[in-house]
Amino acid sequence: GSSRQVPRLHVPPACPPLAAMRSTLRAALFSGACLCAEAGLKTQPKTIPSPKQGEFLTNAEATKAFAWTDTTRSARQAMEITFPRSAGWANGCFWEGGCSDGQVMTQEVVADWVENELLGGPDPFADHSGKVPVPWPSQNDTGDQLGDGQYVGYSRRQICFITAKALLGADTEGYKNGLTRILNTTVGHCGSPIPSVPRPSDYQPSALTGEFGISLWNLVSACAADPSLKDGQHGPLVLAAKGKARADVEEVREAAGRAKLAEADLAACRYNDGDAGPVTGEGFAEMPVGVCTPPTTGAPGRDFMAGGVTRAAGQAIQDISAKFLGGYVFGNACGLGGGQDERLMTYFPEVFVLTFFLSQDPQHPQLREPSWILGARMLHVGLDGTTRFDHRMELDNGAPLTSDLVEVKVGSKTFVIASKTPFLGFMSENQDFLNESAVWDGSRSVEDMREDMFLARQNRHPLQRAVDKDTWFSFMYQVRAWHSAVALTSYHEDVRPVLRALVRSLGTGPFGSGLWWGDSQ
């Protein structure tokens, strides 16, 4: 448990040759238990050696800036809440952060960087008088700080700063941001990630004491090691963009009439259901083994949700979320658990920070869907689409810090942005259509639900075939939800060039299935 003890590091395998990756656009359609897709655009983004600094920007009608309250604890005291007696701390040694020169992110190193360089150095919000700016849309019924079709960007250093402030107990005066709130909301049923080490008796279990807290501190470690943040630099841009209101079904049908599946270059993978491996045959494009390797006993394979260096560059993760990104974690979870969207919040800490900071909703202070988070990184490995192996959650020391930065233009300004793993969250419109929530409130028994679950798991439930317009979870509305989430026209004109530059593939599992009980066929 000593903070000076270097734990087992994740050593990524060698990168696949670029020749192994196709350079045409591939769409994603899936069947079976858990599958993935890989795709690419015809041009690959160009790496920029001299990054242009990120900054706060938004197309919202107005912006409000909020002062920080004082921090309530030191960095070491905050670490002790998440890592009692240093248990669970991973000494990061990032390949692109000086690992070869012996730069190891121990607790002492990270705490010193937070207090003396991040919070004690040049203020990344100096242009806003030291206050943190927040978009303030005229549309006030969205549950978050972005109206339909709006976006907001912060620099990587600003994201690190917001994260550190929240971890050290600071809040925003006059703005009830969800990040500070979730870290300080007690979740009585949460256990400890390290059960053998007791938690401090004076601090109640919360997201701060669980995997969410671990994930955020791992983000801060990556910030401390990041060459793009040296000497007060802002580093690259991180951009959150929300889609416009859902399109009409007829509009989607017209778009479908102009699209040809034969030109989609579909690639599919049978990940863990029988004859596992890339799907071959007429109509299917080649699926590199590097993104389609079945799991082995006790360890995940490679699929659309796996991280690490072998992940297809620019392959976006499609997160089938609730109406709000991250699912039902606020006040209910301290980390790993739930479905795909809850788990991804721990593997993408920058997504977690923006998702919760950009809302002050009383019940679910989270960014609404559909939304892209561009420039965020998957900083952990050990997860796959089955989420069977998620508790590994190993810090990825091979995560890119600067090597995946590409130049993009947002409106009239040019920035660099991380390109490895674009993130998309959206909801399929069939949540609870089997009324499984009645089991939780006690109005329906597990036995009564059993037959529905048995049929749904086999894609044989009659309601999974609903296609009429009067059924709210009809198949046509599922297609509309997906189209509205991925269509370029759903997003502001400023964001579209960024999406074109970064998103070279769409990776997803059985659409509409899993906890949604949709039809994965």
Side-chain angles (χ1 to χ4, degrees), residues 1-15 47-51 53 74-80 82-122 124 155-157 159-161 163-164 167-168 193-194 197 213-236 307-311 347 349-350 376-382 392-405 416 418 420-421:
S2 169
S3 62
R4 293 186 181 277
Q5 178 182 359
V6 180
R8 175 168 60 97
L9 299 179
H10 169 67
V11 181
C15 296
T47 300
I48 305 300
S50 300
Q53 301 291 291
S74 68
R76 284 295 286 168
Q77 289 171 334
M79 288 177 178
E80 183 64 19
T82 306
F83 308 99
R85 303 180 190 176
S86 299
W89 176 271
N91 289 333
C93 193
F94 295 93
W95 291 16
E96 298 181 15
C99 185
S100 60
D101 298 325
Q103 296 185 33
V104 179
M105 296 298 109
T106 65
Q107 286 184 286
E108 288 81 5
V109 168
V110 174
D112 178 75
W113 182 83
V114 167
E115 293 183 346
N116 296 314
E117 296 190 39
L118 182 61
L119 302 185
S155 72
R156 184 179 289 177
R157 189 178 194 86
I159 296 290
C160 300
F161 189 91
T163 304
L167 287 170
L168 271 60
I194 315 291
V197 180
I214 294 173
S215 176
L216 293 182
W217 275 113
N218 284 343
L219 168 60
V220 174
S221 292
C223 295
D226 196 332
S228 75
L229 303 182
K230 295 292 184 184
D231 303 320
Q233 294 183 90
H234 273 257
V309 234
T310 60
R311 179 176 178 81
Y347 279 74
E350 289 154 320
R377 293 150 309 159
M378 195 176 199
L379 291 181
H380 301 91
V381 293
R392 285 176 57 186
M393 204 180 92
E394 298 172 16
L395 178 62
D396 182 9
N397 290 279
L401 303 180
T402 57
S403 63
D404 71 332
L405 299 182
V416 290
K420 185 71 179 287
T421 313

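The chain is numbered in sequence order, starting from 1. Side chains included, hydrogens not; waters and symmetry mates left out as well; all remaining heavy atoms used.
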Chemist: Just to verify, what does Arg377 make a salt bridge (charged side-chain N to carboxylate O under 4.0 Å, His left out) with, not counting sequence neighbours?
Modeler: Glu350
Chemist: Quick one: side-chain contact (heavy atoms from CB on, under 4.5 Å) partners of Ser221, sequence neighbours excluded?
Modeler: Trp89, Phe94, Met105, Val110
Chemist: What I'd like to find out is whether the side chain of Asp396 reaches to under 4.5 Å of the side chain of Leu379, using heavy atoms alone.
Modeler: no
Chemist: If we only count heavy atoms from C-beta on, is the Asn218 to Pro349 side-chain gap below 4.5 Å?
Modeler: no
Chemist: When rounded to the nearest 0.5 angstrom, what distance separates NE2 in His380 from OG in Ser215?
Modeler: 4.5 Å
Chemist: Please list all pairs meeting salt bridge (charged side-chain N to carboxylate O under 4.0 Å, His left out) that have one or both residues in residues 218-228, counting only residues at least two apart or in different chains.
Modeler: Arg156-Asp226
Chemist: What's the separation between atom SG in Cys160 and atom CG in Leu216, rounded to the nearest 0.5 Å?
Modeler: 11.0 Å
Chemist: Answer whether the closest heavy-atom distance between the side chains of Arg311 and Thr421 falls below 4.5 Å.
Modeler: yes
Chemist: For the residue pair Pro236 and Ser155, establish whether any side-chain heavy-atom pair is separated by less than 4.5 Å.
Modeler: no
Chemist: Using the side-chain contact (heavy atoms from CB on, under 4.5 Å) rule, pick out the option among Val109, Thr163, Val220, Leu167 that qualifies with Val114.
Modeler: Val220
Chemist: Test your reading of the model: is there a side-chain donor-acceptor pair from Glu394 to the backbone of Val381, 3.5 Å cut-off?
Modeler: no
Chemist: Is there a side-chain contact (heavy atoms from CB on, under 4.5 Å) between Arg157 and Gln53 once you walk through the steps?
Modeler: CA-CA 10 Å; Arg157 189 178 194 86; Gln53 301 291 291; over 6 Å; no
Chemist: For the backbone of Trp95 and the side chain of Asn397, can you confirm whether one donor and one acceptor N or O come within less than 3.5 Å of each other?
Modeler: no
Chemist: Taking the side chain as C-beta and beyond, is there a heavy-atom pair between Ser86 and Gln107 under 4.5 Å?
Modeler: yes
Chemist: Looking at every non-hydrogen atom in both residues, tell me the closest pair between Ser403 and Glu96 and how far apart they are.
Modeler: OG-OE2, 2.5 Å
Chemist: Which pair of non-hydrogen atoms, one from Ala164 and one from Leu119, has the smallest distance, and what is that distance?
Modeler: CB-CD2, 4.2 Å
Chemist: Got a sec, which residues hit ring-ring contact (aromatic ring centres under 6.0 Å, His included) with His234, two or more places apart in sequence or on another chain?
Modeler: none
Chemist: Taking only residues at least two apart or on different chains, which pairs with a member in residues 109-122 satisfy salt bridge (charged side-chain N to carboxylate O under 4.0 Å, His left out)?
Modeler: none
Chemist: So, using side-chain contact (heavy atoms from CB on, under 4.5 Å) as the criterion, who are the partners of Pro227 when residues are at least two apart?
Modeler: Leu401, Thr402
Chemist: Check whether any side-chain N or O of Tyr347 sits under 3.5 Å from a backbone N or O of Met393 as a donor-acceptor pair, and report yes or no.
Modeler: yes
Chemist: How far apart are the closest heavy atoms of Val104 and Cys93, and which atoms are they?
Modeler: CG2-SG, 4.1 Å
Chemist: So, Asp404 side chain and Lys420 main chain: donor-acceptor pair closer than 3.5 Å or not?
Modeler: yes
Chemist: Does the side chain of Leu168 reach to within under 4.5 Å of the side chain of Ser74, using non-hydrogen atoms?
Modeler: no
Chemist: Which heavy atom of Gly97 sits nearest a heavy atom of Gln103, and at what distance?
Modeler: O-OE1, 3.5 Å
Chemist: Any side-chain heavy atom of Val197 sitting closer than 4.5 Å to one from Phe83?
Modeler: no
